[in-house]
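Model, not experiment: these values are computed from the prediction.
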Amino acid sequence: FENRKIVGKMNDFWKNRFAPRSFNNTTVNADHIEKISNAIIYAPQASGSVNHWWLCLGPQQHELKLWLVKNIYKTKFGKSYEYFPALAEAPYLFTSFLIDDISKNADASISHTVNNSFIGGVILSQAIDLGLHALPIICHNAWTDLDESIKNEYKELMFEKVKKDVEHIVYAHQGQVKKFTADSIIGPGLNIAIGYGDNPHTMNKQDAEYLDGVVRYQKIRKSERMFSISL
């Protein structure tokens with residue numbers, strides 16, 4: 001009976017799920033973040049490939065999260081940009097970047113984005129099952145037009161945060177032996193912002209000016225269930 005109650009509660013979390021466009025200051029249980037982090041470490045990947053990396057930015061990393069919002073994770077919105085400041089508001093941001101395939105059996109045919117999205121789904125699922133609110137954002141279509149200095153700064157900022165965890169990594173790339181450096185980073189990947197926030201389907205606030213663009217606070221729910229069953 002107790003197990004049925006737990007499953008029922010988890011199902012309610014999914015039925016009522018939403019991706020907040022703004023987060024509040026409610027404290028997130030640190031054990032929840034540890035559970036999500038362990039899921040990332042042990043989740044499967046196609047061909048055992050390691051072609052992207054995840055970084056968890058906590059409450060003390062607001063300035064870095066804000067830098068990512070202003071410079072990297074924005075998307076064209078008409079003649080201006082749409083920004084996602086909720087990525088900086090969230091107490092925890094699981095952000096990722098694509099890298100050279102550093103696995104022992106590196107395979108160029110394995111898609112960076114497939115593996116990156118797979119782990120993103122794992123993070124999202126863990127967060128929802130724990131009763132948290134999660135915002136997935138991959139929008140960074142301005143990346144190709146960014147000045148090289150910004151791209152290089154992004155790679156250096158990401159590498160600075162992970163360098164102690166990758167300093168032991170040596171891998172083969174294009175016939176050469178390489179150490180994991182900022183140069184191993186190809187570009188930005190998926191984000192999952194985690195905390196507690198407002199429902200974008202019911203809130204009154206719609207659009208607001210932000211820097212040289214806008215923030216869109218409301219979001220339309222998908223109209224199809226995208227699922228069939230045959231037993």
Taking only distance into account, with no hydrogens and no angle test, what donor-acceptor pairs under 3.5 Å do side-chain atoms of residues 55-78 form with protein atoms, sequence neighbours excluded?
{"unit_1": "Gln61", "atom_1": "OE1", "unit_2": "Lys161", "atom_2": "NZ", "d": "2.9"}
{"unit_1": "His62", "atom_1": "ND1", "unit_2": "Ala88", "atom_2": "O", "d": "3.2"}
{"unit_1": "Lys65", "atom_1": "NZ", "unit_2": "Gly58", "atom_2": "O", "d": "3.2"}
{"unit_1": "Lys65", "atom_1": "NZ", "unit_2": "Ala90", "atom_2": "O", "d": "2.8"}
{"unit_1": "Lys65", "atom_1": "NZ", "unit_2": "Pro91", "atom_2": "O", "d": "3.2"}
{"unit_1": "Asn71", "atom_1": "ND2", "unit_2": "Trp67", "atom_2": "O", "d": "3.0"}
{"unit_1": "Tyr73", "atom_1": "OH", "unit_2": "Gly189", "atom_2": "N", "d": "3.4"}
{"unit_1": "Tyr73", "atom_1": "OH", "unit_2": "Gly189", "atom_2": "O", "d": "3.2"}
{"unit_1": "Thr75", "atom_1": "OG1", "unit_2": "Asn141", "atom_2": "OD1", "d": "3.3"}
{"unit_1": "Thr75", "atom_1": "OG1", "unit_2": "Asn141", "atom_2": "ND2", "d": "3.0"}

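- By the rule that hydrophobic residues join a cluster once side-chain heavy atoms approach within less than 4.5 Å of another member, Leu135 and Ile194 end up as members of separate clusters.
- Of the inter-residue distances, the one linking Leu146 atom CG with Trp143 atom CH2 reads 6.5 Å to the nearest 0.5 angstrom.
- Atom OG1 of Thr27 is separated from atom OH of Tyr196 by 9.0 Å, given to the nearest 0.5 angstrom.
- Atom CG of residue Asn191 and atom CG of residue Leu93 lie 5.0 Å apart, to the nearest 0.5 angstrom.
- Sorted by first and then second residue, the side chain to side chain donor-acceptor pair (under 3.5 Å) pairs involving residues 97-109 (not counting sequence neighbours) are Ser49-Asp101, Asp100-Tyr171, Asp100-Lys178, Asp101-Ser103, Asp107-Ser109.
- In the hydrophobic clustering of ILVMFWY residues, with side-chain heavy atoms under 4.5 Å counting as a link, Met158 and Phe180 come out together.
- For Glu160, the salt bridge (charged side-chain N to carboxylate O under 4.0 Å, His left out) partners two or more places apart in sequence, or in a different chain, are Lys163.
- For the atom pair Ile128 CD1 and Phe13 CZ, the distance stands at 9.5 Å (nearest 0.5 Å).
- For the atom pair CZ (Phe18) and CG (Asn199), the distance works out to 4.5 Å, reported to the nearest 0.5 Å.
- The shortest heavy-atom contact between Ala142 and Tyr81 is CB-CE2, 3.8 Å.
- No more than 12 heavy atoms of other residues, nucleotides or ligands shown are found within 6.0 angstrom of CD1 on Ile220.
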Handout entry: Worked verdict on Ser125 versus Trp14 for side-chain contact (heavy atoms from CB on, under 4.5 Å)
Key = CA-CA 9 Å; Ser125 180; Trp14 277 97; 3.8 Å; yes
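- Between the His52 side chain and the Val50 main chain, no donor and acceptor come within less than 3.5 Å of each other.
- Residue pairs that meet the salt bridge (Lys or Arg N to Asp or Glu O under 4.0 Å) test with at least one member in residues 196-218, sequence neighbours left out, are Glu82-Arg216.
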Handout entry: Residue pair Phe159, Val166: steps toward the side-chain contact (heavy atoms from CB on, under 4.5 Å) verdict
Key = CA-CA 9 Å; Phe159 177 69; Val166 301; 3.9 Å; yes
Exercise for the section: Any chance you could lay out the side-chain contact (heavy atoms from CB on, under 4.5 Å) test for Asn38 and Lys35, step after step, and finish with the verdict? Expected result: CA-CA 5 Å; Asn38 284 332; Lys35 288 179 181 178; 5.8 Å; no
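- From Ile123, atom CD1 reaches atom CZ of Phe118 across 11.5 Å, with rounding to the nearest 0.5 Å.
- The hydrophobic cluster containing Ile138 does not contain Leu98, counting ILVMFWY residues as joined when their side-chain heavy atoms lie under 4.5 angstrom apart, directly or transitively.
- For Ser80, there are no side chain to side chain donor-acceptor pair (under 3.5 Å) partners two or more places apart in sequence or in a different chain.
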Exercise for the section: Using the side-chain contact (heavy atoms from CB on, under 4.5 Å) rule, take Thr95 and Phe97 through it: C-alpha gap first, then chi angles, then the decisive distance, then the call. Expected result: CA-CA 7 Å; Thr95 188; Phe97 45 86; 5.8 Å; no
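- A donor and an acceptor atom, one from each side chain of Ser149 and Asp147, are located under 3.5 Å apart.
- Cluster annotation: Met203 is connected to Tyr210 through the hydrophobic network of ILVMFWY side chains, with a link wherever side-chain heavy atoms come within less than 4.5 Å.
- Remark: the backbone N or O of Leu190 is paired with a side-chain donor or acceptor of Ser96 at under 3.5 angstrom.
- Applying the salt bridge (charged side-chain N to carboxylate O under 4.0 Å, His left out) test to Lys155 and every residue at least two apart in sequence or in another chain returns nothing.
- At a threshold of 4.5 Å between side-chain heavy atoms, the hydrophobic network of Ile, Leu, Val, Met, Phe, Trp and Tyr places Phe23 and Ile33 in two separate groups.
- Gly197 approaches His133 most closely through the heavy-atom pair N-ND1, 2.9 Å.
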